[in-house]
2 protein chains.
Amino acid sequence: MNTAAHREFKERLFEQFARVGKALASPKRLEIVDLLAQGERTVEDIAKETAMSVASASQHLQALKGARMVESRREGLYAHYRLAGEDVFRTWQAVRALAESHLAEVDRVVETYLENRDTLEAVDAMELMERLSDGSVVVLDVRPEEEYRAGHIPGAISVPVGALETALHMLPKDKEVVAYCRGPYCVFSDEVVLALSARGYRASRLTEGFPEWQTAGYPVELKNPR
Amino acid sequence: MNTAAHREFKERLFEQFARVGKALASPKRLEIVDLLAQGERTVEDIAKETAMSVASASQHLQALKGARMVESRREGLYAHYRLAGEDVFRTWQAVRALAESHLAEVDRVVETYLENRDTLEAVDAMELMERLSDGSVVVLDVRPEEEYRAGHIPGAISVPVGALETALHMLPKDKEVVAYCRGPYCVFSDEVVLALSARGYRASRLTEGFPEWQTAGYPVELKNPR
DNA sequence: GTTCTATTCAACTAATCTGTTGAACATATG
DNA sequence: CATATGTTCAACAGATTAGTTGAATAGAAC
C-alpha cells in the first residue's frame with residue numbers, strides 16, 4: 001500500500017471510530033445512555049427524565065441509533081429504545097471513569113450538590129458481595145419499582161424513594177442497611193442513607209449502581225424474593 | 001435536593017462527562033491518541049504522522065489537553081506530548097471496540113484497503129503468550145526502532161519496515177514467525193507477513209499491537225535482548 | 001372513515017467546531 | 001544583539017450541531 005492509500009485508509013477508518021466519539025459528545029446523549037442502562041424506555045419517558053422536548057429527545061435518539069449504540073422497537077404507538085449491547089454501557093463507563101479521574105470539576109460538582117456525601121458510609125460491590133453471604137446486611141433498592149422488577153441485587157428489598165416511611169418496619173435495627181440506586185451519581189441512595197442514619201439505623205450506600213453491579217458480573221435476581 | 005437542583009446537578013455533571021466525549025469526537029484527535037499510545041511525540045511529529053498542519057495539530061492537542069487526556073512538557077524548542085494515563089488508552093480502546101462490533105462500515109473499510117487480511121494467519125495475544133514459553137516462535141517488532149526501544153514483547157526482534165531484507169538471515173525457516181505492529185489496524189505487520197509467506201516462511205500477524213499487549217498486562221521488555 | 005396520541009421529519013436560527021492564515025511568543029544559536 | 005525554529009494564538013470562513021417550532025406520519029381508538 002502506498003502512502004496516499006495508507007492515509008486514505010486511516011482517514012476512513014478513524015472517521016468511523018469518530019462516529020462513536022461524536023455520539024458521546026453531548027451531555028444529553030450521555031444522560032440518555034445512562035438512563036437506558038436501567039432498561040428500555042419510550043421517547044416520552046426519556047424526554048421527561050432528561051428534561052428535553054420530545055422532538056429533541058427523538059433527535060438525540062436518532063443520533064445514537066446512527067452510531068448503532070441504541071436500538072428501537074415499536075409497540076403500538078410507542079417506540080421503545082434500549083442500549084444496543086452491554087459494550088455500549090462499558091464504553092460509557094470508560095468515558096465516565098476517565099472524566100472522574102482526570103477532571104477535578106467532577107469532584108467539585110459532586111461536592112457542591114451532595115455536600116454530605118463524604119460523611120456517609122459507603123461500601124463497594126466486592127465488599128457488599130462478601131457481606132451478602134454472611135447475612136449481616138439488608139440491601140435496599142431505592143429505584144422505581146419497575147426497575148427493581150427488571151432485575152436487582154439478590155435479596156434486595158424494593159423501597160422506592162418516598163416509600164421509605166412505610167418500609168421502615170421491615171428494617172431491623174441490628175443489621176446494617178445498604179442502599180443502592182441507578183448509578184454512582186444517583187442521589188436517592190444518599191437521601192435514604194441520610195434519613196436512616198438520622199433514625200438510628202446503621203446505613204451506608206453502595207458506591208456503584210445496579211448497572212455497574214450487573215456488568216461487573218455479580219449475581220442478579222429477577223423475581224421478587226418474597 | 002429538590003427537582004430543580006437535581007436537574008442542575010445532572011446537567012453540570014454530564015457536561016463534565018461530555019468534555020471527554022467531545023475530545024473523542026474528531027477522527028484527527030483519535031488518531032493523535034492512537035499515535036501517542038506508542039509514546040511521547042512532538043507537535044511536529046504528530047502533524048507529520050497525521051497529515052495535518054502544525055497549527056491544526058497544536059489546536060487538537062490543546063483540545064485534548066483541555067479534557068486532561070494528554071500532558072505536555074517542553075524541552076528546548078520542542079513540546080513533547082504524551083497520554084495523561086493508561087486509562088486514556090483504555091477509553092480509546094473501548095470506543096474503538098464499540099465501533100468495531102457495531103459499525104459494519106469498519107469491516108468494509110478494512111476489507112477495501114487490506115484485501116488479503118483474511119487470508120493471513122493471525123494469532124491473538126493469549127495464543128502468542130503460550131507459544132512464547134515453549135520457544136516455537138520468532139517474534140518480529142515491525143515498528144520504527146525508536147518505538148521498539150521504548151518497550152517491546154520479550155524476545156522480539158526489531159525489524160522496522162524496509163529492513164526486512166537485511167533481517168532475513170536471522171529468521172529460521174523451521175519456526176513460525178509472528179509479526180506485530182502499532183495496533184490492530186497497523187498495516188506493516190500485514191505487509192511483512194505477506195512478504196515472508198511469499199518466501200516460504202510460516203508467518204502470521206499478531207491481531208493486536210504493542211499498546212494493547214502492554215495494557216492487557218502481558219510482560220514487556222525494555223532493553224534490546226542481544 | 002375521523003380523531004387522538006406518540007413519534008419523526010423539515011426548516012430555521014444560534015452556537016460550536018475545523019482548518020487556514022499570518023502574527024505572536026519562546027527558546028535556541030550565531 | 002539579531003536570526004532561526006518550533007509552537008501557540010487570534011481572526012476568519014465554511015461546515016456541523018443543538019434546540020425550537022410546526023407539519024407530517026403511524027398506529028390506536030372511536
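Remember, it's a predicted structure, so these values are computed and weren't measured experimentally. First the proteins, then the strands, lettered A, B, ... as listed; each starts at 1.
Here A:Gln59 lies in heavy-atom contact (under 4.0 Å) with a base. Within 4.0 Å (heavy atoms only), B:Ala63 reaches no atom of the nucleic acid at all.
Here B:Ser53 reaches the OP1 or OP2 of C:dT20: one of its side-chain N or O atoms lies under 4.0 Å away. For D:dT8, the OP1/OP2 oxygens have no side-chain nitrogen or oxygen of B:Arg74 closer than 4.0 Å. Dashed line: the shortest gap from a side-chain N or O of A:Ser56 to OP1 or OP2 of D:dA18 is not under 4.0 Å. Contact annotation: A:Ser58 does not reach the phosphate of C:dT7 (side-chain N/O to OP1 or OP2, under 4.0 Å). When the side-chain nitrogen and oxygen atoms of B:His60 are compared with OP1 and OP2 of C:dG19, one or more of them lie within a distance under 4.0 Å. Between A:Tyr81 and C:dA6 there is no side-chain N or O to OP1 or OP2 distance below 4.0 Å.
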> What's the verdict on ring pair (Phe, Tyr, Trp, His ring centres under 6.0 Å) for B:Tyr81 and B:His60, showing C-alpha distance, side-chain angles and the deciding distance?
Replying inline: CA-CA 12 Å; B:Tyr81 283 85; B:His60 281 302; over 10 Å; no
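A salt bridge does not link B:Arg19 with A:Glu100: every distance from a Lys NZ or Arg NE/NH1/NH2 to an Asp or Glu carboxylate oxygen is 4.0 Å or more.
Closest heavy-atom contact between B:Ala25 and A:Ala25: CB-CB, 3.8 Å.
Only one option out of A:Lys65, A:Glu40, A:Gln62 pairs with A:Ser72 in a side chain to side chain donor-acceptor pair (under 3.5 Å); it is A:Lys65.
Place B:Gln62 and A:Ala25 on DNA chain D by their nearest nucleotides, and B:Gln62 ends up nearer the 5' end. Taking for each of A:Ser26 and B:Leu61 the nucleotide of DNA chain D with the nearest heavy atom, the 5'-most of the two is the partner of B:Leu61. Between B:Lys28 and B:Leu77, it is B:Lys28 whose nearest contact on DNA chain C lies nearer the 5' terminus.
One can place CZ of A:Arg19 at 16 Å from C1' of D:dT17, the figure rounded to the nearest angstrom. When the C1' atom of C:dT7 is taken as reference, atom CZ of A:Arg41 falls 18 Å away, rounded to whole Å. For the pair B:Met52 CE and C:dT18 P, the interatomic distance rounds to 11 Å; values are reported in whole Å. Between A:Leu30 atom CG and D:dT17 atom P the separation is 16 Å, expressed in whole Å. Separating the CZ atom of A:Arg29 from the C1' atom of D:dT16 is a distance of 12 Å, rounded to the nearest angstrom. Remark: C1' of C:dT16 and NZ of A:Lys22 are 12 Å apart, rounded to the nearest angstrom. Straight-line distance from the NE2 atom of A:His80 to the P atom of D:dG27: 14 Å, rounded to whole Å. In this structure, the CG atom of B:Leu64 is 10 Å from the P atom of C:dT18, given to the nearest Å.
Other residues, nucleotides and ligands contribute at most 12 non-hydrogen atoms within 6.0 Å of the CD atom of B:Glu146.
The nucleotide whose nearest atom lies closest to any side-chain atom of B:Tyr78 is, among D:dG6, C:dC17, C:dT18, D:dG6. The side chain of B:Ala55 lies closest to C:dG22 when the candidates are D:dT7, C:dC17, C:dG22.
Without hydrogens or angle criteria, B:Thr119 side chain to B:Asn116 main chain gives a donor-acceptor distance under 3.5 Å.
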